[in-house]
There are 2 protein chains.
Amino acid sequence: MAKLAGVSQPAVSRAFNPGAPITKEKRDRILAAARELGYVPNVFASSLSRSSSKIVAVISGNLNNPFYSESLQCFVEQIQRTGRQVLAFTVQEDQNSDDVMMQALRYPVDGVVVTSATVTSSMVKLSEGLGIPVIMYNRRVPDANLPSVLCDNEGGAAALARRMHAAGARKFLVLRGDPAGSTSMARVQGFRDALKKLKGAQVEEIDGQSSYAGAYRATVSRFDKPLADWPDAIFGVNDIMAIGCADALRGHFGKKIPDDIMLAGFDGIREAQREPYHLATVRQPIERMVTETLELLDAAKSDEGAPAALRVIQGDMIPGVTIQSRED
Amino acid sequence: MAKLAGVSQPAVSRAFNPGAPITKEKRDRILAAARELGYVPNVFASSLSRSSSKIVAVISGNLNNPFYSESLQCFVEQIQRTGRQVLAFTVQEDQNSDDVMMQALRYPVDGVVVTSATVTSSMVKLSEGLGIPVIMYNRRVPDANLPSVLCDNEGGAAALARRMHAAGARKFLVLRGDPAGSTSMARVQGFRDALKKLKGAQVEEIDGQSSYAGAYRATVSRFDKPLADWPDAIFGVNDIMAIGCADALRGHFGKKIPDDIMLAGFDGIREAQREPYHLATVRQPIERMVTETLELLDAAKSDEGAPAALRVIQGDMIPGVTIQSRED
DNA sequence: TTGTAGGCGTTATCAA
DNA sequence: TTGATAACGCCTACAA
């Protein structure tokens with residue numbers, strides 16, 4: 001009730017909205033009074049009359065994977081920069097991702113970004129009914145064709161496969177991530193397919209829970225026996241798993257990387273480029289992917305009827321030091 | 001407009017509010033119709049009439065420090081579990097934390113949790129005027145007495161100092177974090193004071209920007225000269241800096257930890273307990289600290305006039321392998 | 001248990 | 001440029 005400052009209430013609204021028809025003098029007077037009274041406009045109320053709430057929901061998976069916390073950080077930065085805010089959701093292990101999505105849709109947000117969760121078609125229908133665009137980041141939903149931004153997972157994995165093969169590796173082990181996740185599946189597929197075209201390669205696959213601890217455990221339990229048959233090279237479907245694997249190989253088995261075993265990951269998280277690892281990997285250009293995700297979001301707002309866009313972005317090969325030609 | 005389903009509008013409201021006076025039968029009918037029509041209640045609108053918006057703002061610093069991303073993760077989990085949501089804010093390097101705080105206060109949130117930012121007294125006044133409680137997490141504001149939850153930084157640092165001294169260290173180096181941050185200052189102070197009471201200890205301090213890269217650089221530039229005078233032990237004011245330092249010591253200088261130099265950190269982040277480090281450190285019990293922070297928030301809501309609480313929580317000493325008695 | 005009426009703080013529309 | 005007035009979607013009385 002800053003109109004106790006002697007002006008009408010719409011005038012206050014105009015004072016706070018740049019570009020509204022109001023005298024500079026009057027605006028200044030109102031803003032001064034507001035500062036005096038400790039008044040700030042209520043954004044939720046404004047979102048009622050306005051169509052847009054200036055809030056974007058971001059649904060993340062486990063932030064313990066630095067790829068996701070880096071991504072979230074980036075989303076918050078970029079969204080904040082455009083005068084909007086982030087409503088953050090996470091999907092816990094024991095949680096149904098549909099429930100979380102449902103929660104998010106109860107807010108009249110300007111859009112929902114899904115970085116890690118499966119979206120069922122009923123949720124897609126609901127979001128459409130509500131007119132809230134849903135964009136997939138680093139993920140794709142097979143049936144529903146939602147706008148998606150993702151890295152060329154197949155291509156990147158294939159390039160890593162070729163590098164390791166060229167370096168002399170023949171026996172490969174793949175550490176899979178979330179079995180149901182489109183990202184993990186695409187990378188495994190790309191890796192497998194590339195090896196099929198190369199001579200003498202054989203591949204084994206095990207599950208690593210898509211986490212550091214999962215990969216560590218999987219590595220230990222796979223090789224912790226008297227006459228383990230070691231592979232020449234291991235591909236961790238993401239960096240955090242590759243790091244877990246590296247720590248197990250070195251810490252638990254005393255193996256040397258790449259002398260005893262080559263190793264590669266995927267994502268390009270900071271940790272993987274630090275001293276103990278310098279992991280060979282493919283970097284997902286997070287900054288750019290986030291930018292494009294938000295572009296798709298804005299696009300979805302304007303041209304409703306347009307076909308869902310799918311943006312596939314090339315990752316950057318990072319050589320690292322964990323792939324090296326055999327000398328034997 | 002779900003009242004096209006043949007009932008009054010308040011009935012719909014009651015159907016969605018557990019415990020409201022309505023026949024079970026009618027509620028079911030309404031909920032069914034809602035599902036049919038793809039209707040979900042608008043939370044922002046409800047926050048207008050209701051006093052509470054069910055939204056908590058969390059202002060974080062750089063999420064590249066795992067301590068903060070773990071904390072954020074924990075906040076989101078716990079807040080979500082109580083049927084509320086998190087509006088996430090971050091303070092960038094180039095940003096005024098007051099501006100971010102101001103942004104947050106434009107939303108009629110149920111509270112603001114500040115995990116990394118300085119809060120000026122004018123912001124405190126503003127928040128009081130708006131009736132929005134502000135709680136500090138892992139931080140304290142000297143002048144204003146805001147409710148705060150923090151670890152016993154002095155005590156933890158002192159304990160580490162004593163351990164390293166007992167192991168034979170005499171020449172110490174402290175890697176400071178944010179010079180203006182209360183957390184870094186308290187730890188440095190605690191470390192310094194403890195050493196004063198011990199025999200023959202001398203301390204040098206340098207700045208490490210409170211980040212991995214900053215600590216790495218600081219370590220390199222401090223010792224990258226012909227006849228560097230190496231200390232016996234280094235205390236990184238937080239784990240991420242200690243890790244940066246460790247990587248520099250080993251990768252750049254080929255030093256062994258703890259054989260050549262002892263090392264300790266603070267926070268107890270996961271990364272620091274992994275194979276390459278097993279860092280001696282003091283763990284901040286994040287889960288518990290977050291719980292208490294939210295308790296303070298709820299308390300602030302109810303008893304307005306109460307004196308600001310300050311909860312100091314003991315950290316857990318983690319032995320690690322980076323402090324070890326000298327044999328020479 | 002139900003429906004009617006009024007109000008939450010803001011913006012859009014329209015005359016003035 | 002301004003100020004009334006009517007929404008926006010919901011909730012809290014109040015009365016039925």
Side-chain angles (χ1 to χ4, degrees), chain A residues 1-31 33-34 37-55 83-85 87 102-110 126 129-132, chain B residues 1-31 33-34 37-55 83-85 87 102-110 126 129-132:
Chain A
M1 288 311 154
K3 78 177 121 178
L4 302 179
V7 292
S8 78
Q9 196 264 10
V12 178
S13 170
R14 288 191 265 261
F16 277 93
N17 284 65
I22 188 175
T23 337
K24 179 171 176 7
E25 174 191 88
K26 185 164 216 162
R27 163 172 288 148
D28 291 346
R29 195 152 50 82
I30 294 177
L31 292 181
L37 298 165
Y39 161 89
V40 288
N42 182 330
V43 188
F44 292 162
S46 105
S47 87
L48 253 196
S49 356
R50 220 198 283 275
S51 56
S52 150
S53 66
K54 295 282 181 196
I55 289 189
R84 293 175 293 187
Q85 301 301 340
L87 200 58
M102 180 74 120
Q103 282 300 317
L105 290 176
R106 292 181 31 136
Y107 296 80
V109 292
D110 285 359
L126 181 55
L130 293 166
I132 298 180
Chain B
M1 291 305 159
K3 78 178 120 178
L4 301 178
V7 292
S8 78
Q9 191 267 359
V12 179
S13 169
R14 288 192 264 261
F16 278 94
N17 284 65
I22 188 174
T23 336
K24 180 169 174 5
E25 173 190 88
K26 186 163 216 163
R27 164 172 288 147
D28 290 346
R29 194 152 51 82
I30 294 178
L31 292 180
L37 298 166
Y39 163 87
V40 287
N42 182 330
V43 188
F44 292 162
S46 101
S47 88
L48 255 196
S49 4
R50 217 197 285 275
S51 57
S52 148
S53 66
K54 296 282 181 196
I55 289 188
R84 295 174 292 186
Q85 301 301 340
L87 200 58
M102 179 74 121
Q103 282 299 317
L105 289 176
R106 291 182 31 137
Y107 296 80
V109 291
D110 285 359
L126 181 55
L130 292 167
I132 298 179

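Below, chains carry the letters A, B, ... as their sequence lines are ordered, and counting in each starts from 1.
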Checking A:L87 against B:I55 for the side chain to side chain contact (heavy atoms under 4.5 Å, CB included) test, could you report, in this order, the C-alpha distance in whole Å, the side-chain angles of both residues, the deciding distance, and whether it holds? CA-CA 9 Å; A:L87 200 58; B:I55 289 188; 4.1 Å; yes
Taking only side-chain nitrogens and oxygens of A:Y107, does any of them come within less than 4.0 Å of OP1 or OP2 of D:dG9? no
Euclidean distance, atom CZ of residue A:F16 to atom P of C:dG9 [Å, nearest integer]: 15 Å
Give the rounded distance in Å between these two atoms: CZ of A:R29 and P of D:dT1. 16 Å
At less than 4.0 Å, is any side-chain N or O atom of A:S46 found next to OP1 or OP2 of C:dG9? Yes or no. no
Hey, what do you get for CD1 (A:I22) to CD1 (A:I30), rounding to the nearest 0.5 Å? 4.5 Å
How long is the line joining CG of B:L105 and C1' of C:dG9, in whole Å? 17 Å
Fit a plane to each ring of B:F44 and A:F44, take the angle between them on a 0 to 90° scale, and name the class: parallel (under 30°), tilted (30 to 60°) or perpendicular (over 60°). parallel
How about A:V43 and A:R50: do any of their side-chain heavy atoms sit closer than 4.5 Å? no
What's the closest nucleotide to the B:R50 side chain, out of C:dT1, C:dA12, D:dC11? D:dC11
Do A:F16 and A:L31 make a side-chain contact, defined as non-hydrogen atoms from C-beta onward lying under 4.5 Å apart? yes
Looking at A:N42, I'd like to know whether one of its side-chain N or O atoms comes within less than 4.0 Å of OP1 or OP2 on C:dC8. no
Taking the side chain as everything from C-beta on, heavy atoms only, tell me whether A:R29 gets closer than 4.5 Å to A:V7. yes
With nearest nucleotides of DNA chain C determined for B:L48 and B:I22 from heavy-atom distances, which residue corresponds to the more 5′ nucleotide? B:I22
Is there a side-chain contact between A:K54 and A:Q85, using heavy atoms and a 4.5 Å cut-off? no
Roughly, in whole Å, what's the span from CD1 in A:I30 to C1' in C:dT10? 14 Å
Whole Å only: how far is the OH atom of A:Y39 from the P atom of C:dG9? 9 Å
Quiz item: B:S49 side-chain donor-acceptor pair to D:dC10 base, under 3.5 Å: yes
Which listed nucleotide (C:dT1, D:dT1, D:dG9) is nearest to the side chain of B:T23? C:dT1
Within the structure shown, what part of the strands sits under 4.0 Å from A:P108 by heavy-atom distance: base, sugar-phosphate, or nothing? nothing
Could you give the NZ-to-P distance, from A:K24 to D:dT1, as a whole number of Å? 14 Å
N/O-N/O pairs, protein side and nucleotides 3-6 of chain D side, under 3.5 Å:
| residue | atom | partner | partner atom | Å |
| --- | --- | --- | --- | --- |
| D:dG3 | OP1 | A:K26 | NZ | 3.4 |
| D:dG3 | OP2 | A:S8 | OG | 3.2 |
| D:dG3 | OP2 | A:K26 | NZ | 3.4 |
| D:dG3 | N7 | A:R14 | NH2 | 2.7 |

